[in-house]
Amino acid sequence: MPDFTLWDILRNLALAARWTVALSLAAFLGSAVVGLGLLLVRLAGGPWLGRAVGAYVQLFQGTPLLMQLFLLYFGLAAVGFDTSAWLAACVALTLYASAYLTEIWRGCVAAIPRGQWEASASLALSFGQQFRHIILPQALRIAVAPTVGFLVQVVKGTALASVIGFVELTKAGGMIANVTYEPMLTYGCVALLYFVLCFPISLSARLLERKLAMRTPA
Amino acid sequence: MPLQLDFTSILVQWPLLLRGAAWTVGLTAVATLLGAALAIACAWARSNGPAPLRWLVGTYVELIRNTPFIVQLFFIFFGLPEIGIRLSPATASILAMTINLGAYATEILRAGIEATPRGQIEAAESLALTRAQIFTRVVLPPALRKVWPALVSQIVIVMLGSAVCGQISTEELSYATNLIQSRNFRAFETYIVGMLAYLGLAILVRTLLNWAGPRFLFGR
Amino acid sequence: MSAAPNATPAGAGQPHTQVGAPILRITALRKSYGTHEVLRGIDLDVARGEVVAIIGKSGSGKSTLLRCINGLEVFQHGSLIVDGRHLLHDNPKAMRELRQGVGMIFQNFNLFPHLSVGRNVMLAPHLVKRRPGPENAARARQLLARVGLAEKFDAMPDKLSGGQQQRVAIARALAMDPAILLCDEITSALDPELVGEVLRVVESLAEEGMTLLMVTHEMSFARKVADRVIFMHQGLVHEIGPPAEIFSAPRSPELRQFLSSLQD
């Protein structure tokens with residue numbers, strides 16, 4: 001295909017990559033909110049609600065993101081709820097990522113010594129005050145690195161939205177490969193763009209982790 | 001429209017589901033064996049190999065970890081024929097899963113290998129063991145034991161990720177699920193059943209590996 | 001180490017009980033973990049201004065008893081009244097009100113590592129009592145001066161020695177104007193040379209009339225400061241009396257054995 005240069009391929013992919021970024025950000029922000037809510041329910045909601053959150057985590061970590069997307073897009077449509085591919089992808093990624101984030105953050109909260117809860121409780125702070133003023137600031141510090149690291153999983157997860165027809169980087173790659181008959185070059189470029197998006201995030205997560213390890217006395 | 005769920009029309013298709021599940025487990029098993037071998041080789045190269053080899057392994061690990069599995073799969077299945085390498089869906093799936101798992105497992109193993117106390121290696125050296133012997137007999141077994149839970153998690157992640165292989169018509173569980181829903185037009189119930197099947201497989205594989213690892217792989 | 005001249009006398013939070021009534025009344029308190037009963041029926045009255053030392057082997061239930069008094073441990077039977085307030089585990093609001101009157105000092109200090117010393121002391125009065133900023137800061141400085149750490153207001157906890165951290169923890173508890181102060185083996189985690197500075201602060205509190213309930217291994221300190229000593233054994237108050245009696249004339253063989261085990 002002489003009228004499709006490498007530059008054309010890259011330019012079109014880069015344009016589609018904007019949707020990958022948008023979907024990643026939407027899902028990441030959404031899952032942060034849901035994940036934090038689930039964390040609070042787990043911490044303060046009593047044994048039954050805690051178990052329900054545990055089941056939620058099991059369900060979304062124990063099933064393929066692709067099947068979750070299918071259920072939300074094709075499944076819901078079959079019972080009369082028509083959603084757009086964008087909305088289905090946003091919701092599915094949010095649910096999926098929130099299960100991981102809430103679990104990551106639970107680990108960070110569990111790493112804060114019990115004495116911090118007890119000391120703040122003995123000073124008559126409410127649960128909300130204990131969490132907001134004592135636990136959260138300390139947990140946040142250790143949560144930054146793994147949370148940033150997980151963002152990479154979210155970006156890569158958005159590639160599955162291509163399967164339900166949402167035109168982001170991977171879907172655009174498929175379409176371009178079909179017109180150019182150069183699938184190897186095209187998918188190579190797609191991979192490269194994902195790498196350009198993800199590698200800096202991976203790297204910064206690693207740097208944050210190292211910085212924290214240095215500041216924390218052994 | 002009142003919501004009426006009908007799961008029986010899916011469950012009567014159980015042979016299809018079972019076949020799909022068997023494919024999923026089979027693909028995962030093969031990819032796990034090959035991926036683990038690849039990871040051990042890469043981990044060895046990373047700690048003992050010459051600088052260029054170490055750099056090569058590092059690049060491989062980063063490339064795989066920072067790109068989506070589906071793109072890796074499409075590159076192999078749709079891209080490679082361009083240079084004359086034509087693979088069946090199953091072979092392409094196994095190759096993609098192996099390469100993917102290999103990269104993550106390399107990184108996981110490295111963490112365990114780096115935790116080996118220096119004295120252990122020195123003791124082995126003083127006993128005149130070769131470098132290969134030191135790696136396979138002294139360094140690897142405790143490292144494997146240490147990172148086994150992380151490795152099991154990664155194997156389960158790869159198995160769940162293999163749902164994408166249905167997109168190149170590998171006849172695994174997600175492919176079977178799609179086939180059933182295209183026949184009975186009960187997409188909602190079918191995908192729920194499909195998800196539950198995956199959930200069951202995930203729990204099964206995790207339990208099995210966590211049980212088998214300490215018993216058969218690296219002693220007690 | 002004398003109190004600052006305008007310091008509120010310790011324990012001067014609004015009293016809810018009439019003069020003479022016990023500030024702490026524990027009745028038939030029982031607690032178990034699963035099938036193991038840790039506290040097997042505790043009855044105890046503590047009068048306002050009284051200093052009570054609790055001694056006993058580890059596992060005798062003494063720390064658990066202390067932690068029941070501000071609700072850090074949940075008990076299954078019996079009742080507990082602090083300053084006229086019933087302890088109600090499943091009522092968060094009642095628990096917060098009760099805890100305002102009960103200060104606690106922990107073995108491991110439990111300072112908030114992300115807050116400066118001053119903010120450690122000011123946090124709870126600000127959040128719970130809504131004490132205005134300037135007043136809160138002045139009060140915190142005064143309390144830190146009282147424990148001998150006036151110059152550490154802006155320091156971070158990890159820059160302090162264990163003894164200094166524990167004194168900050170005492171100032172932090174006092175900032176809530178508790179009617180009663182619980183001390184849970186507060187010198188056990190300290191290097192021996194740092195124990196004295198903490199005990200001197202506690203002693204000054206006792207002299208000022210603060211109601212103190214302390215689990216301790218420092219027998220000479222208990223003997224010197226306490227009005228009453230409680231010997232706990234297997235989840236029960238085994239012996240109770242003035243220090244002279246408990247230490248010099250133990251009645252039960254268990255207490256005699258416990259005291260002699262300390263001499264080794």
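Convention: sequence-line order gives letters A, B, ...; per-chain numbering from 1. This structure is a prediction, so every number in the text was calculated from the model and none was measured.
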Would you give the length of the straight line joining atom [atom1] of [X] to atom [atom2] of [Y], rounded to the nearest 0.5 angstrom?
X	Y	atom1	atom2	result
F188(B)	F81(A)	CZ	CZ	8.0 Å
F69(B)	L160(A)	CZ	CG	10.0 Å
E182(A)	E82(B)	CD	CD	5.5 Å
R65(B)	Q153(A)	CZ	CD	8.5 Å
F195(A)	I64(B)	CZ	CD1	10.5 Å
Y187(A)	F77(B)	OH	CZ	11.0 Å

Min side-chain heavy-atom separation S162(A)-I70(B) under 4.5 Å
yes
Between L160(B) and M67(A), is there a side-chain heavy-atom distance shorter than 4.5 Å?
no
I'd like to verify something: which residue of L193(A), T186(A), V163(A), L72(A) has the highest number of heavy-atom pairs under 4.5 Å with chain B?
V163(A)
Do you know which of A191(A), P183(A), G188(A) has the most heavy-atom pairs under 4.5 Å to chain B?
P183(A)
Which atoms of L59(A) are under 4.5 Å from chain B, going by heavy atoms: the side chain, the backbone, both sets, or neither?
both
Tell me, for L71(A) versus chain B, whether the close heavy atoms (under 4.5 Å) come from the side chain, the backbone, both or neither.
both
Do Y194(A) and N66(B) pass the side chain to side chain contact (heavy atoms under 4.5 Å, CB included) test, and can you show the C-alpha distance, the side-chain angles, and the key distance before you say yes or no?
CA-CA 7 Å; Y194(A) 275 110; N66(B) 288 288; over 6 Å; no
Carboxylate-amine/guanidinium proximity below 4.0 Å for R206(A) and E62(B):
yes
Set of side-chain contact (heavy atoms from CB on, under 4.5 Å) partners for Q61(A), sequence neighbours left out:
V57(A), A99(A), Y100(A), E103(A)
Take I83(B) and M184(A) through the test side chain to side chain contact (heavy atoms under 4.5 Å, CB included) and record every step on the way to the result.
CA-CA 8 Å; I83(B) 54 166; M184(A) 191 155 171; 3.9 Å; yes
Is it the backbone or the side chain of [X] that comes under 4.5 Å from a heavy atom of chain A, or both, or neither?
X	answer
S162(B)	neither
V156(B)	neither
I76(B)	neither
I192(B)	both

Determine which residues belonging to residues 47-56 of chain A lie within contact range of chain B, meaning some heavy atom pair is under 4.5 Å apart, and list them by number or answer 'none'.
none
Under 4.5 Å, counting heavy-atom pairs only, tell me which of I157(B), L80(B), N178(B) racks up the most with chain A.
N178(B)
What pair of heavy atoms forms the shortest contact from A187(B) to F74(A), and how long is it?
CB-O, 3.7 Å
Surrounding CH2 of W23(B) (heavy atoms of other residues, nucleotides or ligands, distance under 6.0 Å), is the total greater than 12?
no
